[in-house]
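What follows is a single structure, written as structure tokens, with notes after it.
Chain identifiers are assigned alphabetically (A, B, ...) following the order of the sequence lines, protein sequences preceding nucleic acid strands; residue numbering begins at 1 within each chain.
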Amino acid sequence: MSFDLALTKRIGTTEIALTLEPGPGVGSGATILFGRSGVGKTSVLNMVAGLLRPDAGHVRVGGETLFGDGVDVPPERRRAGYVFQEPRLFPHLRVRGNLLYGAPRGAEIGDRLDFLGIGGLLDRWPRTLSGGEARRVAIGRVLLSDPRFLLLDEPLSSLDRPRREEVMQAIEHMRDVLRLPILMVTHDPEEAERLGTRVVRMG
Amino acid sequence: MLTPEEWGIVLLSLQVGAVAMAVTLPVAFALAWILARGTFPGKVLLDALVHLPLVVPPVVTGWVLLLAFAPHGVMGAPLQALLGVSVLFRWTGAALAAAVMALPLTVRAMRLSIEAVDQRLESAARTLGAGRARVFWTITLPLSVPGILAGAVLGFARSIGEFGATITFVSNVPGQTRTLPLAIYSALQQPGGEAMAWRLSGISVALSLAALVASEVLARRMGAGHHVL
């Protein structure tokens, strides 16, 4: 499965433009959108997820058009596993409720998320979680929603070094073991170097 | 201690307040939603119209209701023709007047709570496969509940205290439209009615205070910066 993106969008005075053609390193592994703050990296993820409408262009993933050619698939039908910059856990649901929110009806958590080490958090409320725990729950919630690909928006920001390592390993697991195509935003060269199979500079 | 007549007045007031809120809640929530999330021409005008009962003299609101629900009025005629009912001089009319007067406060509290819902959570829910309806029922509505309850409690208290529009619209009929404020007014018009006025006023103050405290507590549960008081 590969990302095939051609996007333009004007937000205020910022002109966002990105072309990402399918090719080696784009179909599998992690494609890193790398660049300074404010160049529109998050907006690109939002456009791929269907949360922001491009002015022009197309979004194709695995050959399926999600936007363009008169098509605009709503976010809930894109099956994009979007891990936002902040965990965005639902505060009125416990961790278990958050994890199962996007899962098929009757699904159970099972052992699929063992690699995240969140089994002991299931009955906790989101407000009681540490930053690293909340981030791992957010990743687990996305994985249980059965995504076709992952969008990761600076998933390691605002974490201390031990927590960064935990989440970094979780991303490597998703990339190498679960083999989910990843489009990830970062402005950290070290993250880009370690996680990216292809790095795309923006701005 | 209250006399049986005074207990009747209190119970009638509670009944009028409860029915007024039952009528107001869905309308108020729909208006609050539109005002919080909608972008359309005339939004400012709609906002002003919703808040109008708050600033227009209540007697004017009552008179407009009287004209509308009179036997040949724009609302009264179809009500009579279709259902064979009239709300004039009846407790249902008092509830209607109370509902109209309580609407602005109720909408205001609900609107604050809807605006306080983090729309980024709704976006997250959409990417997890939830359509707009599911997002509303599972994210937006539960997170708005403290504000909805605060609005309902506040509106209930406002309904119980409604006077001007009620007396103009449905008069002051014992057992039908003589709610607490109208009964206090009537007691004050009679020689020796002060004792009754004192007792009913005490109950009014206690009910209002309890409602304000309850709605403020609920509003604070919405998060920092949200207050009804």
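- Taken to the nearest 0.5 Å, the CG atom of B/Leu128 stands 5.0 Å off from the CZ atom of A/Arg141.
- Taking a 6.0 Å sphere around CZ of B/Arg90, one finds it holds 12 or fewer heavy atoms contributed by other residues, nucleotides or ligands.
- The environment of B/Trp33 atom CH2 is dense: over 12 non-hydrogen atoms of other residues, nucleotides or ligands sit within 6.0 angstrom.
- At most 12 non-hydrogen atoms from other residues, nucleotides or ligands lie less than 6.0 angstrom from OH of B/Tyr185.
- Applying the 6.0 Å contact sphere to NE2 of A/His187 captures no more than 12 heavy atoms from other residues, nucleotides or ligands.
- Among A/Glu86, A/Arg78, A/Arg77, A/Arg79, the residue with the largest count of heavy-atom pairs under 4.5 Å with chain B is A/Glu86.
- For A/Arg194, the CZ atom counts as densely surrounded, since its 6.0 Å shell holds more than 12 non-hydrogen atoms of other residues, nucleotides or ligands.
- At least one side-chain heavy atom of A/Pro91 sits under 4.5 Å from a side-chain heavy atom of B/Leu121.
- No hydrogens or angles considered: nothing links the side chains of A/Tyr82 and B/Ser123 as a donor-acceptor pair under 3.5 Å.
- For the pair A/Tyr101 and B/Ala130, the tightest heavy-atom approach, listed with the atom from each and the gap, is OH-CB, 3.5 Å.
- Between the side chain of A/Arg88 and the main chain of B/Arg120, a donor-acceptor pair closer than 3.5 Å is present.
- There is no contact between A/Leu151 and chain B, counting heavy-atom distances below 4.5 Å.
- No more than 12 heavy atoms of other residues, nucleotides or ligands sit less than 6.0 Å from atom CZ of A/Arg201.
- The CG atom of A/Leu93 sits 6.0 Å away from the CD1 atom of B/Ile139 when rounded to the nearest 0.5 Å.
- Proximity of A/Phe90 to B/Thr138: side-chain heavy atoms (C-beta onward) are nowhere separated by under 4.5 Å.
- In this structure the side chain of A/Glu76 never reaches within 4.5 angstrom of the side chain of B/Arg134, judged on heavy atoms.
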